[in-house]
Amino acid sequence: QYYFTPGLAISVLSCAHPDFWSQVLSYADLHRVAELDYEINKTPHGWYVHDWRERPPLAWLELMGKREINEEESAAVAKDNTVHLNEQQFFDAVYDALKLIDSPKKLTSNPLLQTNFVIRDNQLEKSDINLALTLTDKIKNTVDSLEHSPKDEMLHRVLFRTFINPVGSQEQTADFLYMSFSTYRRNLKKAVEKLADILWLEEKRLH
């Protein structure tokens, strides 16, 4: 009854020892949000989420029915570690990744590591560091692609000089690009949104 509440966006469940419950909750299409892990008296706790906007109730019921009768699909689901981010969470993760683009070790907790486009492009062992390197390559290549579009060339310069080959602080970058600071900040937001939109559309296509 709770799941079929009209207009319900997400369901969340907090539990102790979240690793222990991973398989059964994944089977029920609840996905762990590792960034929200916490401890109570040294006991690990975590959150699992189902986004009803991504898989509405009727589609969820259909999936549960298939899993009840299809052992092969159930096994595949148990191995599914891809994350499910909404558009704002995806944008935030892209911005965080840009800020750490030259420090792949610090990117190992970024949720984009478990997106379909990163997993697809990773040709090495699926360790966190290899996935982080794949993510940085993907972002740099996508930024490079903007350089060849007349309408996006300015966005490329903003991203390139802010994150890929930085010239200093944001104030210094604005001066380097011959922009007022307010114009630079406005274009920076627009450039990050453009990059995130490209990656978001690719992720949705692979979903």
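These numbers come from a predicted model, not from an experiment.
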- Side-chain contact, heavy-atom cut-off 4.5 Å: Leu58 with Glu62? no
- Message: If the threshold is 4.0 Å, N to carboxylate O, is there a salt bridge linking Lys204 and Glu54?
- Response: yes
- Electrostatic pair Asp96:Lys99 at N-O distance under 4.0 angstrom: yes
Ignoring hydrogens and angles, tell me if any N or O in the side chain of [X] forms a donor-acceptor pair with the backbone of [Y] under 3.5 Å.
X	Y	answer
Trp200	Asn86	no
His156	Ser149	no
Ser22	Asp19	no

Among residues at least two apart in sequence or on other chains, which ones pass side-chain hydrogen bond (donor to acceptor under 3.5 Å, both in side chains) with [X]?
X	answer
Lys190	none
Asp128	none
Glu39	none
Tyr178	none

- Task: Examine the side chains of His31 and Asp29 and answer whether a donor and an acceptor come within less than 3.5 Å of each other.
- Result: yes
Can I get a per-line list of side-chain donor-acceptor pairs under 3.5 Å for residues 165-172, giving both atom names and the distance, sequence neighbours left out?
{"unit_1": "Ser169", "atom_1": "OG", "unit_2": "Glu171", "atom_2": "OE1", "d": "3.4"}
{"unit_1": "Ser169", "atom_1": "OG", "unit_2": "Gln172", "atom_2": "N", "d": "3.2"}
{"unit_1": "Ser169", "atom_1": "OG", "unit_2": "Gln172", "atom_2": "OE1", "d": "3.4"}
{"unit_1": "Gln170", "atom_1": "OE1", "unit_2": "Arg185", "atom_2": "NH1", "d": "2.6"}
{"unit_1": "Gln172", "atom_1": "OE1", "unit_2": "Ser169", "atom_2": "N", "d": "2.7"}

Listing, residues 104-113 side-chain donor-acceptor contacts under 3.5 Å, not counting sequence neighbours, or none:
{"unit_1": "Thr108", "atom_1": "OG1", "unit_2": "Lys105", "atom_2": "O", "d": "3.1"}
{"unit_1": "Asn110", "atom_1": "OD1", "unit_2": "Leu112", "atom_2": "N", "d": "2.8"}
{"unit_1": "Asn110", "atom_1": "ND2", "unit_2": "Ala93", "atom_2": "O", "d": "3.1"}

